[in-house]
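Here's the structure, in structure tokens; my notes come after.
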Protein chains: 2
Amino acid sequence: MVHGPPTQAIDDVLALVREGGGRVTTARRAVIAALLDGSGEHLTAEDVAERVQRQHPDVHLSTVYRTLDALDDLGVTNHVHLGHGPSTYHLATDPHHHAVCNGCGTVVHLPADLFDGVAERLRAGVGFELTAPHFSLPGRCADCVSADR
Amino acid sequence: MVHGPPTQAIDDVLALVREGGGRVTTARRAVIAALLDGSGEHLTAEDVAERVQRQHPDVHLSTVYRTLDALDDLGVTNHVHLGHGPSTYHLATDPHHHAVCNGCGTVVHLPADLFDGVAERLRAGVGFELTAPHFSLPGRCADCVSADR
DNA sequence: ATAATTGCAAAGTCTTTGCAGTTTG
DNA sequence: CAAACTGCAAAGACTTTGCAATTAT
């Protein structure tokens, strides 16, 4: 292992899994490790599976999907739809929003409080409670905007 | 026909199609009529096809997809991802945002200017230009929030 | 005429599911 | 041991595509 994620961080997440009545398995440990390892990236289920399978070739893609689902239910991970492709997953720690450039596909991370104003307006206006970011904002990044001109 | 959309409105859209180098066909006319007719609703490609086929049973679902694609490219329609299901389409006139309740699935229409503040912050901060709404905001509607308590 | 569009069927992508066997608590 | 989890293969939902025939301009 070159530098893998700290055992501590994995165990913290696994504790949550146990608390939720879930069981700790090799597959789950590996999925969490992959997510920690790819922290800051936008991993699809297939990306996660690929990383998991480097150490545990027998873990099946469908198990990764099921694990990711379970973690999502526990609130440990979030999945985000960046565009038209597959969903991407990341740990729920460090919540943030995403903007995707439809010119070059770049994903920009945005501060978590970006929608505070919007959330407030929705709560006051229609009583709607916004939940975790789950979508991305489409647009054009600075580079593509200059290229347009 | 009970009340179908005004021919005028259809022709306006068709004019845009022609301007874009596209051709006017029965299928396209019918797709546009369906969209006008379902204005305010969130029609999936299948919904559109169903409506189209009431008058023109031979129009194939794949043609509807292609037409919707073409209209999207022309900027005449937008498609929105409301959740995990199929995309929904609507005419680009009367732009608005959507919030979807993950309790009951209700879709709430939101004012178009809701993101003005966010857009400004993004433009000033990272030079990112937000484009048309293309996603929905997840959360819980007022009813489901009360039900939670 | 000729380039766009269509119907159809087939394939593609991403995700879920049934089931029998295995493992965890 | 019982319930949860897994691998596998198959199916499912939604969308796209190749191609030959048709149609708009």
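By convention in this document, chain letters (A, B, ...) are assigned in the order of the sequence lines, proteins followed by strands, and residues within each chain are numbered from 1.
The interatomic distance linking A:His60 (NE2) with D:dA10 (P) rounds to 11 Å, in whole Å. Computed from coordinates, the B:Arg18 CZ to D:dA24 C1' distance equals 9 Å when rounded to whole Å. Rounding to whole angstrom units, CD of residue B:Glu19 and C1' of D:dT25 are separated by 16 Å. Protein atom CD of B:Glu46 is 13 Å distant from nucleotide atom P of D:dT16, rounded to whole Å. The separation between A:His56 atom NE2 and D:dT6 atom C1' is 14 Å, rounded to whole Å.
Aromatic rings from A:His96 and A:His90 are positioned such that their centres are separated by under 6.0 Å. Between B:His79 and B:His42, the distance separating the two ring centers is not shorter than 6.0 angstrom.
Taking all atoms of both residues into account, the shortest heavy-atom contact from B:Val100 to B:Leu82 is CG2-O, 3.2 Å. The heavy-atom pair separating B:Ala45 from B:Leu61 by the smallest distance is O-CD1, 3.9 Å. Pairing each heavy atom of B:Ser136 with each of B:Gly83, the nearest pair is OG-N, 4.4 Å.
Sequence neighbours left out, not one pair with a member in residues 45-69 of chain A passes ring-ring contact (aromatic ring centres under 6.0 Å, His included). Among pairs with a residue in residues 4-16 of chain B, those fulfilling side chain to side chain donor-acceptor pair (under 3.5 Å) read B:Gln8-B:Asp12, at least two apart in sequence or across chains.
Between the side chain of A:Arg28 and the backbone N or O of A:Arg23, at least one donor-acceptor pair lies under 3.5 Å. Panel note: side chain A:Thr44, backbone A:Thr88; no donor-acceptor pair is recorded below 3.5 Å. Side-chain atoms of A:Glu129 never come within 3.5 Å of backbone atoms of B:Val145 as a donor-acceptor pair (strictly under, hydrogens ignored).
Checking A:Val17 against B:Thr44, the closest nucleotide of DNA chain D that is more toward the 5' end is the one next to A:Val17.
With respect to B:Arg121 and B:Asp116, no salt bridge is recorded, no charged nitrogen being found less than 4.0 Å from a carboxylate O. Ion pairing of A:Glu46 with A:Arg51 is absent here, as no side-chain N (NZ or NE/NH1/NH2) approaches a carboxylate O to less than 4.0 Å.
Interface limits on DNA chain C: the 5'-most and 3'-most nucleotides within less than 4.0 Å of chain A heavy atoms are C:dC14 to C:dG25.
Against DNA chain D, the stretch residues 20-35 of chain A makes heavy-atom approaches under 4.0 Å through A:Gly22, A:Arg23, A:Thr25, A:Ala27, A:Arg28. Residues of residues 65-87 of chain B that place a heavy atom closer than 4.0 Å to DNA chain D, in numerical order, are B:Tyr65, B:Arg66, B:Pro86, B:Ser87.
Looking at A:His98 and A:His81, their side chains never bring a donor and an acceptor atom within 3.5 Å of each other.
In this structure, the helix from C:dA1-D:dT25 to C:dG25-D:dC1 shows an angle of 40° between the axis at its start and the axis at its end, each fitted on 5 base pairs and rounded to 10°.
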